[in-house]
A.B. asks: 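Here it is, the structure in full.
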Amino acid sequence: MFTSPFRAWRRLNAKVDHPGIGLAIDDDGRLAASYLFMCAMAAGIAMIGLLSNSASMMIGAMLVSPLMGPIVRLGLGIGTLSLTRVWRSLGTLACGMAVALAVSVTIVWVSPL
């Protein structure tokens with residue numbers, strides 16, 4: 001009549017495609033030219049929003065920012081104890097931050113404000 005919670009959990013867990021989910025998360029969190037471009041655009045929008053004192057542009061920069069993919073990959077790497085996923089996601093985040101910092105410094109340096 002009633003099954004144990006452990007059996008119910010195992011039955012539900014058997015239907016999940018774990019390797020497929022891992023591949024999809026790895027694909028979303030990898031370092032690519034599109035990721036770096038989106039980081040640069042988000043940083044540019046944020047810097048223009050800061051220089052013009054516009055809260056709506058800051059919110060727009062947060063919406064454009066592509067940081068969720070590497071952060072989810074980092075969480076999966078920590079959750080599954082996969083050091084390669086953790087290091088690759090940290091590398092992707094570091095490269096994105098470096099690009100964003102370079103774009104921000106360039107915009108502030110060029111700006112007349």
Side-chain angles (χ1 to χ4, degrees):
M1 184 164 112
F2 293 110
T3 62
S4 70
F6 181 70
R7 283 186 189 166
W9 176 256
R10 285 185 62 195
R11 193 174 329 122
L12 287 173
N13 201 16
K15 298 175 187 176
V16 176
D17 180 23
H18 293 284
I21 291 172
L23 288 175
I25 290 174
D26 285 340
D27 189 41
D28 288 343
R30 67 183 167 84
L31 182 61
S34 61
Y35 171 77
L36 294 177
F37 178 74
M38 290 298 289
C39 283
M41 291 298 104
I45 293 169
M47 283 313 302
I48 292 170
L50 282 173
L51 290 173
S52 65
N53 198 19
S54 172
S56 60
M57 287 192 73
M58 295 302 298
I59 294 169
M62 287 187 278
L63 292 175
V64 171
S65 179
L67 295 175
M68 196 56 154
I71 291 172
V72 169
R73 189 178 188 187
L74 178 65
L76 180 66
I78 291 171
T80 59
L81 300 176
S82 173
L83 288 179
T84 57
R85 273 192 181 122
V86 169
W87 287 114
R88 286 183 181 168
S89 64
L90 288 175
T92 301
L93 286 170
C95 288
M97 285 189 290
V99 166
L101 187 62
V103 167
S104 300
V105 167
T106 303
I107 289 174
V108 170
W109 184 61
V110 170
S111 172
L113 300 175

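For this chain, numbers begin at 1 and follow the sequence in order. Quick caveat, the model's predicted, so the values are computed rather than measured.
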A.B. asks: Do you know which two heavy atoms are closest between Leu67 and Tyr35, and how far apart they sit?
C.D. replies: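 Answer, listing the atom of Leu67 first, then Tyr35: CD2-OH, 3.5 Å.
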
A.B. asks: Given salt bridge (charged side-chain N to carboxylate O under 4.0 Å, His left out), test Asp28 with Arg73 step by step and report yes or no.
C.D. replies: CA-CA 8 Å; Asp28 288 343; Arg73 189 178 188 187; over 6 Å; no

A.B. asks: Looking only at heavy atoms, which two atoms of Ala61 and Ala42 are closest? And how far apart?
C.D. replies: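 Nearest heavy atoms, Ala61 then Ala42: CB-O, 3.5 Å.
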
A.B. asks: Quick check: closest heavy atoms across Thr92 and Gly29, and the distance to 0.1 Å?
C.D. replies: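 Nearest pair, atom of Thr92 first, then Gly29: OG1-O, 3.5 Å.
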
A.B. asks: Would you mind reporting whether Leu50 and Met58 have side-chain heavy atoms less than 4.5 Å apart?
C.D. replies: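 Of all side-chain heavy-atom pairs linking Leu50 with Met58, at least one is under 4.5 Å.
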
A.B. asks: Quick one: pull up CG in Leu90 and SG in Cys95 and give me the separation to the nearest 0.5 Å.
C.D. replies: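 That separation rounds to 11.0 Å.
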
A.B. asks: Decide if atom CZ of Arg85 counts as having more than 12 heavy atoms of other residues, nucleotides or ligands within a radius under 6.0 Å.
C.D. replies: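 Atom CZ in Arg85 is crowded, with more than 12 foreign heavy atoms closer than 6.0 Å.
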
A.B. asks: Test of understanding: clusters of I, L, V, M, F, W, Y form through side-chain heavy atoms closer than 4.5 Å, transitively. Do Val72 and Ile21 belong to the same one?
C.D. replies: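 Yes; Ile21 is reachable from Val72 via cluster members.
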
A.B. asks: Quick check for you: to the nearest 0.5 Å, what is the distance between Ser89 atom OG and Ile78 atom CD1?
C.D. replies: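 Here the interatomic distance stands at 7.5 Å.
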
A.B. asks: Considering all heavy atoms of both residues, which atom of Ile45 and which atom of Gly60 are nearest to each other, and what is their separation?
C.D. replies: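 Minimum heavy-atom contact is CG2-C, 4.4 Å.
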
A.B. asks: Are Val64 and Met57 connected into the same hydrophobic cluster when the rule is that any two of I, L, V, M, F, W, Y join if their side-chain heavy atoms are below 4.5 Å apart?
C.D. replies: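 Yes, Met57 and Val64 fall within the same hydrophobic cluster.
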
A.B. asks: Minimum heavy-atom separation for Pro66 and Met38, please, with both atom names.
C.D. replies: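 Taking every non-hydrogen atom into account, CG-CB, 3.6 Å.
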
A.B. asks: Would you tabulate the side-chain donor-acceptor contacts of residues 99-107 under 3.5 Å, counting partners in other chains and residues two or more places apart, or write 'none'?
C.D. replies:
unit_1 : atom_1 : unit_2 : atom_2 : d
Ser104 : OG     : Ala100 : O      : 2.8
Thr106 : OG1    : Ala102 : O      : 2.7

A.B. asks: Transitively linked via ILVMFWY side-chain contacts under 4.5 Å: Met41 with Leu36?
C.D. replies: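 Each belongs to a different hydrophobic cluster.
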
A.B. asks: If you group Ile, Leu, Val, Met, Phe, Trp and Tyr by side-chain heavy-atom gaps below 4.5 Å, do Met68 and Met62 land in one group?
C.D. replies: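 Unlinked, Met68 and Met62 end up in two clusters.
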
A.B. asks: Should Leu76 and Leu81 be regarded as members of a common hydrophobic cluster, given that ILVMFWY residues are connected when their side-chain heavy atoms come within less than 4.5 Å of each other, either directly or indirectly?
C.D. replies: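 Looking at the clustering, Leu81 is in a separate group from Leu76.
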
